[in-house]
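Here is the structure we will look at, set down as structure tokens.
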Amino acid sequence: MADFYEILGLSKSADSTQIRTAYKRLAMQYHPDRNPGNPQAEEMFKSINEAYHILSDPLKKSRYDFRFNAQTTTSYAEANWREAKRQQYARWQHAQKKRYVFDKQYFKIQGLAFLVFLVMSGISFSIFHTASYIVSSKYEKIRLQNQQLVMEVNSLFGSGKIDEAIARIIALHEKEPLDFQFINARDSLVNELRNQAGKHFEDQNFKEALDLLIPLKKYEFPPRTETLRKISVCQYNLGSYEDALQTLKQLHAQQPWNLELAYQIGIINLQYLENKEEALYYFDIGKKLFKENLTEIYGEAFTVVMNPNDVPDIYADIFVASANTNTMMKNYKDAIKDSNWAIYLRPQRSDPYKLRAMAKIKAKDYAGLCTDLSQAKKLGAEGITGLQNK
């Protein structure tokens, strides 16, 4: 039988506070999330959970202590009996050197020893069986009570009281952290909430989806990337641009390498919140990621080595958005640089030529201006004729 006190590093006289403290410390140390790919840590974590499951419950602890002590007592009695037998056999063997006779004393001792063994075994078995029956009966009663609580929670969830249902199951789980009924019920409710939200999202019922995704986010720790993405899409489509922006920022904090997120945050700031400074900040993040990514792939001279057609459109979108923002903020030289990059990446797009021409006009830099306007008009840009005439 495993020594649960030894596993938790405790003495047999440890109280419930010491047991709980030792469990929290060891569970934190050997948790699989902190020891990925470490089977020894995973086995230790299971042993720690098992030890706490037994020792934190007064009835289970009492039963375990009794069994452990009974096992120790029985082992001690058997050791004494074996030693007595060994000495007896040694005396018998010594006597056989003179004569090979089994006397009455030998059989008397053997019979007495066997009788003592049978009596002790019978008493131990009776006590163990009785205690096991009592504990099992009480455990079954508790199981049925917890099952009823789970059914009540499911009923709340089914009636639409989602927050109340999940809050109650979480409270029950915290009270009984090792009861698998509560663990499974919590996971089941959260998964059902996720499935319902996903169905509404697929059907583009953004308000209904958002009403489910917000509580779902609260019960995911940390919130899943997919949940945050769907929340931001719902908020955006419902016109809650400030809320969508905050959700995207939270998502960007989880994925700082995601250039799409930097672009989306910048666009919302620019087009819907008129926050040009913050928009430009995130476009600059996007441009930095662009250079870091291509440098990692092609090296410092990536403009010489790479084929611009091989890179995603988002790179050109970042530079076009940045050029537009810089023009609005009267940073005309930076706007021209951004337009140059956009033209290099996507020379078939008309907007970079138009943006570069407008920035040159504002900066009174007329070199190549007519060429940019002609190319923009050729590629389908609108409003070019008036600029050419001017």
Side-chain angles (χ1 to χ4, degrees), residues 1-5 7-8 10 14-33 42-68 70 127-197 212 214-224 227:
M1 181 186 294
D3 189 341
F4 292 145
Y5 291 98
I7 290 173
L8 296 179
L10 299 169
D15 57 25
S16 59
T17 301
Q18 293 172 323
I19 291 170
R20 186 166 54 255
T21 301
Y23 165 72
K24 289 181 178 179
R25 174 176 56 80
L26 292 173
M28 182 73 70
Q29 179 180 352
Y30 290 99
H31 196 282
D33 290 348
E42 183 177 350
E43 289 301 319
M44 187 61 182
F45 182 72
K46 291 178 181 178
S47 299
I48 291 166
N49 273 332
E50 183 182 4
Y52 178 71
H53 176 67
I54 297 299
L55 299 182
S56 62
D57 188 312
L59 287 176
K60 294 178 182 178
K61 181 176 182 296
S62 174
R63 176 182 172 187
Y64 169 77
D65 289 343
F66 173 80
R67 291 179 60 190
F68 190 84
I127 294 173
F128 170 76
H129 181 74
T130 303
S132 176
Y133 175 77
I134 294 172
V135 171
S136 297
S137 298
K138 187 161 187 177
Y139 177 78
E140 179 63 16
K141 182 179 179 181
I142 293 172
R143 188 188 70 80
L144 292 174
Q145 290 175 347
N146 290 345
Q147 190 176 53
Q148 180 63 33
L149 292 172
V150 169
M151 290 175 64
E152 292 174 4
V153 168
N154 288 336
S155 178
L156 279 174
F157 187 90
S159 64
K161 299 178 180 179
I162 296 172
D163 274 345
E164 185 179 348
I166 298 182
R168 183 177 295 186
I169 199 65
I170 288 176
L172 292 170
H173 177 232
E174 289 175 350
K175 186 178 179 181
E176 294 286 344
L178 298 179
D179 193 309
F180 287 101
Q181 289 187 95
F182 297 149
I183 296 173
N184 292 337
R186 178 194 178 280
D187 292 343
S188 177
L189 292 182
V190 172
N191 285 333
E192 179 61 23
L193 188 61
R194 186 178 295 115
N195 292 336
Q196 291 184 18
L212 297 174
I214 293 299
L216 176 62
K217 172 188 172 184
K218 188 164 51 177
Y219 300 122
E220 292 178 342
F221 185 78
R224 290 189 177 187
T227 301

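With sequence neighbours excluded, the residues satisfying side-chain hydrogen bond (donor to acceptor under 3.5 Å, both in side chains) with Arg194 are Asn191, Glu220. For the ring pair (Phe, Tyr, Trp, His ring centres under 6.0 Å) test, residues two or more places apart in sequence or in another chain that qualify with Phe4 are Tyr64. With sequence neighbours excluded, no residue satisfies side-chain hydrogen bond (donor to acceptor under 3.5 Å, both in side chains) with Tyr52. For His53, there are no ring pair (Phe, Tyr, Trp, His ring centres under 6.0 Å) partners two or more places apart in sequence or in a different chain. With sequence neighbours left out, the ring pair (Phe, Tyr, Trp, His ring centres under 6.0 Å) criterion links Phe45 to His31. Looking at residues two or more places apart in sequence or on another chain, you find a side-chain hydrogen bond (donor to acceptor under 3.5 Å, both in side chains) between Tyr5 and Lys61, Asp65.
Here the closest non-hydrogen pair linking Leu8 and Ala22 is O-CB, 3.5 Å. Taking each heavy atom of Leu10 and Gln18 in turn, the nearest pair found is CD2-O, 4.0 Å. The two residues Ala185 and Ile169 come nearest to each other via the heavy atoms CB-CD1, 3.7 Å. Residues Ile7 and Ala51 share a closest heavy-atom pair of CG2-CB, 4.4 Å.
Under 4.0 Å is where a charged nitrogen must lie from a carboxylate oxygen, and between Arg168 and Glu164 at least one such pair does.
Two residues are said to be in side-chain contact when any heavy atoms from C-beta on lie closer than 4.5 Å; Glu50 and Lys46 fail this criterion. Contact annotation: the side chain of Leu172 never approaches that of Asn146 to less than 4.5 Å [non-hydrogen atoms, C-beta and beyond]. Put simply, the side chain of Leu55 does not reach to within 4.5 Å of the side chain of Tyr23, judged on heavy atoms.
Rounding to the nearest 0.5 Å gives a distance of 9.0 Å between CG of Asp15 and CZ of Arg20. Taking CG from Asn195 and CG from Leu216, the interatomic distance works out to 10.0 Å, rounded to the nearest 0.5 Å. Separation of atoms CD1 (Ile170) and CZ (Arg186) is listed at 5.0 Å; rounding is to 0.5 Å.
At least one donor-acceptor pair under 3.5 Å links the side chain of Thr21 to the backbone N or O of Thr17. With hydrogens and angles ignored, the 3.5 Å screen pairs a side-chain donor or acceptor of Ser159 with a backbone N or O of Leu156.
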